[in-house]
Amino acid sequence: MVHTPSRPPADAPAVRVNLYSDTQTRPSVAMKQAMMVAEVGDEQHGDDPTVHALCDRMAAMLGKEAAVFLPSGTMCNQVAILTHCRPGDEVLAHKHAHIITSEGGAPGALAGVMVTGLDGARGMFDADTLREAFRERRRHAPPQSLVEVEQTANFGGGAVWPIDQLNAVLDAAHEQGLATHMDGARLMNAVVASNVAAKDMVAGCDSVWLDFTKGLGAPLGAVLCGSAEFIDAAWRWKQRLGGSMRQAGICAAACLYALDHNIDRLAEDHANARLLSRGLAQIPGLLVEEPETNLVFFDTSATGLTAAELADRARMQGVMFSAMGRYRGRACTHLDVDRAGIEEGVRVISRLLAV
Ligand SMILES: *Cc1c(COP(=O)(O)O)cnc(C)c1O
């Protein structure tokens with residue numbers, strides 16, 4: 001049976017502290033005002049000036065020739081895989097990569113590629129592990145065409161790739177003749193946490209995208225960047241997948257607003273994540289991973305509760321976090337949760353686990 005998201009039960013208490021995901025933010029009044037006055041046109045026809053402004057700005061920011069606006073991060077990953085690969089190809093990624101765990105099997109279903117998952121701590125692998133996965137180019141072996149990395153590594157605990165490790169991996173891919181793609185859903189969290197400029201961080205990536213709905217406060221939208229030739233080919237897949245839009249400038253305006261107002265403040269989310277992890281670490285039974293950015297993962301096994309059981313109980317007290325594994329919970333900080341909210345979340349979970 002397929003799990004279809006259901007509406008919350010009518011008697012569920014109001015959510016007071018939402019640590020479920022950094023996608024749960026609501027567009028602010030100021031963001032909505034920017035959307036309201038956006039100049040728009042037919043995006044599919046190439047006539048939306050606000051979409052052009054967003055794409056130009058992103059291409060410049062990431063040091064790439066061109067960019068394309070897409071509705072979601074998942075579509076960015078899939079359009080990139082479809083553009084870089086042919087059916088039967090092999091893609092190399094970390095075994096916990098979002099493209100393996102969370103995109104409905106799309107690499108197989110849409111691009112007809114197989115994705116091989118590599119080992120490595122905190123959602124990252126090193127150049128030696130990658131080289132071990134390289135196959136000889138022979139008739140029997142699947143052609144390897146793409147290496148994918150995730151910045152920050154979501155299931156890796158929001159980990160930031162150290163720039164030297166990242167570049168060594170991307171160089172090894174290129175030496176082997178493979179293209180490189182970065183799932184930059186939370187790229188700006190990595191930039192803010194590491195103080196490495198976005199352009200330098202993605203210099204070795206043939207394609208890279210940023211999600212505007214992950215902690216940046218926009219209601220939808222992601223931008224995929226690469227060479228002019230790559231983006232030209234990506235446009236055909238955008239069209240085929242139904243990702244070409246009409247007056248999309250109304251959404252691009254929200255993304256431009258996010259670039260102006262919601263990047264530097266990610267540092268606050270990171271500080272709140274540290275506050276949250278320190279608070280949760282005080283609770284007997286919770287084993288908390290040290291956060292590097294805005295994601296706080298913790299193990300519930302010593303409490304006798306699964307992560308989902310604890311999440312359900314917290315939800316009944318108005319606090320939301322997510323269960324990412326049987327005993328692995330994830331709490332996520334973002335612009336709609338302040339310090340007081342973090343403290344309240346810790347208090348509620350602490351009370352639930354008091355013996
Ligand atoms: C959320 C996420 C995506 C997909 O983005 P959507 O905008 O939700 O489609 C891809 N990769 C990672 C690492 C993510 O966290």
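Counting starts at 1 for both ligands and their atoms, in listed order.
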For a side-chain contact (heavy atoms from CB on, under 4.5 Å) check, start with the C-alpha distance between Arg315 and Val15, then their side-chain angles and the critical distance, and finish with the verdict. CA-CA 7 Å; Arg315 175 68 188 85; Val15 178; 3.6 Å; yes

Please produce the table of protein N or O atoms sitting under 3.5 Å from N or O atoms belonging to ligand 1, one pair a line, distance to 0.1 Å.
from: ligand 1; atom 1: 5 (O); to: Asp211; atom 2: OD2; distance (Å): 3.0
from: ligand 1; atom 1: 7 (O); to: Gly73; atom 2: N; distance (Å): 2.9
from: ligand 1; atom 1: 7 (O); to: Asp211; atom 2: OD2; distance (Å): 2.7
from: ligand 1; atom 1: 9 (O); to: Gly73; atom 2: N; distance (Å): 3.3
from: ligand 1; atom 1: 9 (O); to: Thr74; atom 2: N; distance (Å): 2.8
from: ligand 1; atom 1: 9 (O); to: Thr74; atom 2: OG1; distance (Å): 2.7
from: ligand 1; atom 1: 11 (N); to: Asp183; atom 2: OD1; distance (Å): 3.2
from: ligand 1; atom 1: 11 (N); to: Asp183; atom 2: OD2; distance (Å): 2.5
from: ligand 1; atom 1: 15 (O); to: Asn154; atom 2: ND2; distance (Å): 3.1
from: ligand 1; atom 1: 15 (O); to: Arg186; atom 2: NH1; distance (Å): 2.9
from: ligand 1; atom 1: 15 (O); to: Lys214; atom 2: NZ; distance (Å): 2.8

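- Of the residues Val191, Val223, Leu216, Leu224, the one that meets the side chain to side chain contact (heavy atoms under 4.5 Å, CB included) test with Leu210 is Leu216.
- A search for salt bridge (charged side-chain N to carboxylate O under 4.0 Å, His left out) contacts involving Asp206 returns nothing, not counting sequence neighbours.
- Remark: Asp22 does not engage Lys214 in a salt bridge, criterion side-chain N to carboxylate O under 4.0 Å.
- Ring geometry for His94 against Phe125 counts as parallel: the plane angle stays under 30°, on a 0 to 90° scale with 60° as the upper cut.
- A salt bridge links Glu43 with Lys238: the distance from a Lys NZ or Arg NE/NH1/NH2 to an Asp or Glu carboxylate oxygen falls below 4.0 Å.
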